[in-house]
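Worksheet: one structure, shown below.
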Amino acid sequence: MNPLTQLPTPLGAGFAGLLVLLLAGSLAAIILPRVQPGRWSDLGPRMRSWWLICGVIGGALLAGWQAFTIVFAFVSFVALREFLTLAPTRREDRLVVLVVYASVLISYWAIWIDNYAYFLVIVPIYVFVATAVMMTLLGRTDGFLATIGVMHWGVIVCVYNLGHVAFLMRTPAAEVPQAGAAGLVFFLIFITQFNDVAQYVWGKAFGRHKIIPTVSPNKTWEGAIGGFATTAIVFIVLAPFFTPLAFWPSVLIGTVLPVLGFFGDITMSAIKRDLGVKDTSLFLPGHGGVLDRLDSLMFTAPWYFHMLAIFALERF
């Protein structure tokens, strides 16, 4: 039996729409490089990676919250590993690094047992304290603040912020009759990535004026504004089918979310420039590393999650 026939109608339609977009993107990856040689050369590798990303995440959504939690714990681990591999840590700090890696298991265990209060405090408070205490007990005073800052930044964005995506899968079905908890997650990931793609397309087609060339030379005002507007409209139109949000909250969330995605992108670009790298790894051809692909989601996920908690969900 086709698993899509068992999905709430909006989610099934969402997967069908995503398939259409992937096919259209793959067709564009064949045609555009021939029409404008050199300008769209990275579109082919990007689309192949998009097929892989959508297959893995879509399969995890279909499999249920347990599979999705495991997949996203692995994603958080890979992103954190990329970050700590590039960040200026020292061999002497390996015990502290071990505590940081352990935060993946601890944080996602809170999601597994559905303990929201525990999830909220374990990383930003207790892992933060634990890393500082470990550094102190090791007697490492040189570079103390810089090392702790690097560790804590990595845990917050790679584990805590991304963990909000997985925790949405624990939303009771009764609170999300539109498309279920999987629909909430699908919508967040789709809109965040759609925003990235929209900015990329608008920037490639019409981009002329750079925003912050010293940080991200490819980002233009035309690409950003075009992407913001397109994403906000798509969010507002589709929100009633995937979320229990009323109209004006969806306008607020849909307007701010693409801006936060942009901030996540350029913030990670600033970090990479500080570290002297273009991509965090070669894990995803055309995109770079997992961290490169998730930089926007790291900023949009907490906003989306907490706005849903304020305006629509009783569970959180």
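Nearest heavy-atom pair, Ala312 versus Glu175, reported as atom, atom and distance to 0.1 Å: O-OE1, 4.0 Å. Contact record, Ile253 with Met307: CD1-CB, 3.4 Å, taken as the closest heavy-atom pair. Across every non-hydrogen atom of Gln199 and Gly227, the tightest pair is CG-CA, 3.8 Å. Val159 approaches Ser103 most closely through the heavy-atom pair CG1-O, 3.8 Å. When every heavy atom of Gly261 is checked against every heavy atom of Ser296, the shortest pair comes out as O-OG, 3.1 Å. Of all heavy-atom pairs spanning Leu297 and Thr192, the tightest one is N-CG2, 3.6 Å.
For Phe311, the CZ atom counts as densely surrounded, since its 6.0 Å shell holds more than 12 non-hydrogen atoms of other residues, nucleotides or ligands. For Phe144, the CZ atom is densely surrounded, since the number of other residues' heavy atoms within 6.0 Å is greater than 12. Shown here is Trp112, whose CH2 atom has more than 12 heavy atoms of other residues, nucleotides or ligands within 6.0 Å. Residue Phe74 places its CZ atom among 12 or fewer non-hydrogen atoms of other residues, nucleotides or ligands, all under 6.0 Å distant. Other residues, nucleotides and ligands place more than 12 heavy atoms under 6.0 Å from the NE2 atom of His306. For Trp202, the CH2 atom counts as loosely surrounded, since its 6.0 Å shell holds 12 or fewer non-hydrogen atoms of other residues, nucleotides or ligands. Annotation: Trp303, atom CH2; neighbour count of heavy atoms from other residues, nucleotides and ligands within 6.0 Å is above 12. Atom OH of Tyr118 is surrounded by more than 12 heavy atoms from other residues, nucleotides or ligands within 6.0 Å.
Residues Val121 and Phe128 are members of one and the same hydrophobic cluster, defined by side-chain heavy-atom contacts under 4.5 angstrom among Ile, Leu, Val, Met, Phe, Trp and Tyr. Hydrophobic clustering (side-chain heavy atoms under 4.5 Å, transitive across Ile, Leu, Val, Met, Phe, Trp, Tyr) groups Trp248 together with Ile236. Hydrophobic clustering (side-chain heavy atoms under 4.5 Å, transitive across Ile, Leu, Val, Met, Phe, Trp, Tyr) groups Ile125 together with Ile148. Both Val155 and Trp153 belong to a common hydrophobic cluster when Ile, Leu, Val, Met, Phe, Trp and Tyr are linked at side-chain heavy-atom distances under 4.5 angstrom. One hydrophobic cluster, built from ILVMFWY side chains closer than 4.5 Å, cannot hold both Val127 and Leu98; they sit in different ones.
For the pair Ile57/Phe68, a side-chain contact is recorded, criterion being any heavy-atom separation below 4.5 Å from C-beta on. The shortest distance between side-chain heavy atoms of Thr230 and Phe194 falls below 4.5 Å. The shortest side-chain heavy-atom distance between Asp196 and Arg293 falls under the 4.5 Å cut-off. You'll find the side chain of Phe72 stays beyond 4.5 Å of the side chain of Val104, heavy atoms only. Residues Val176 and Leu313 have side chains in contact (heavy-atom distance under 4.5 Å, counting atoms from C-beta outward). Looking at Phe242 and Phe190, their side chains never come closer than 4.5 Å, going by heavy atoms from C-beta outward. Using a 4.5 Å heavy-atom threshold, the side chains of Phe262 and Ile211 count as touching. Taking 4.5 Å as the limit, every side-chain heavy atom of Leu184 sits out of range of all side-chain heavy atoms of Gln178.
Aromatic ring centres of Tyr116 and Phe305: separated by under 6.0 Å. Checked against the 6.0 Å centroid criterion, the rings of Phe15 and Phe186 qualify as a close aromatic pair.
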Query - Trace of the side-chain contact (heavy atoms from CB on, under 4.5 Å) decision for Thr171 with Phe316 - result: CA-CA 8 Å; Thr171 305; Phe316 303 110; 3.4 Å; yes

Run the numbers on Arg81 and Val290 for side-chain contact (heavy atoms from CB on, under 4.5 Å), then give the verdict.
-> CA-CA 10 Å; Arg81 183 177 181 277; Val290 170; over 6 Å; no

*asked:* Could you walk me through whether Leu23 and Leu27 satisfy the side-chain contact (heavy atoms from CB on, under 4.5 Å) test, starting with their C-alpha distance in whole Å, then the side-chain angles of each, then the deciding distance to 0.1 Å, before giving a yes or no?
replied: CA-CA 6 Å; Leu23 291 172; Leu27 182 61; over 6 Å; no

Please evaluate residues Asn115 and Phe119 with respect to the criterion side-chain contact (heavy atoms from CB on, under 4.5 Å), reporting the C-alpha separation (whole Å), side-chain torsions for both, the decisive distance (0.1 Å), and the verdict. CA-CA 6 Å; Asn115 192 323; Phe119 171 80; over 6 Å; no

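Note that SG of Cys158 and CG of Leu84 are 7.5 Å apart. Values are rounded to the nearest 0.5 Å. Note: Thr267 OG1 to Ile271 CD1 = 7.0 Å, rounded to the nearest 0.5 Å. Met134 contributes atom CE, which lies 11.0 Å from atom CZ of Arg94 (distance to the nearest 0.5 angstrom). Rounding to the nearest 0.5 angstrom, the gap separating the CG atom in Leu52 from the CE atom in Met47 is 12.0 Å. Note that NZ of Lys210 is 5.5 Å distant from CG of Asn218, once rounded to the nearest 0.5 Å. Here the straight-line distance linking atom OG of Ser76 with atom CG of Leu291 works out to 10.5 Å at 0.5 Å rounding.
For Arg170 (side chain) and Ile111 (main-chain N/O), a donor-acceptor pair under 3.5 Å exists by modelled atom type. Between the side chain of Thr243 and the backbone N or O of Pro240 there is no donor-acceptor pair closer than 3.5 Å. The backbone N or O of Thr231 sits nowhere less than 3.5 Å from a side-chain atom of Asn195 that would complete a donor-acceptor pair. At least one donor-acceptor pair closer than 3.5 Å links the side chain of Tyr160 to the backbone N or O of Leu120.
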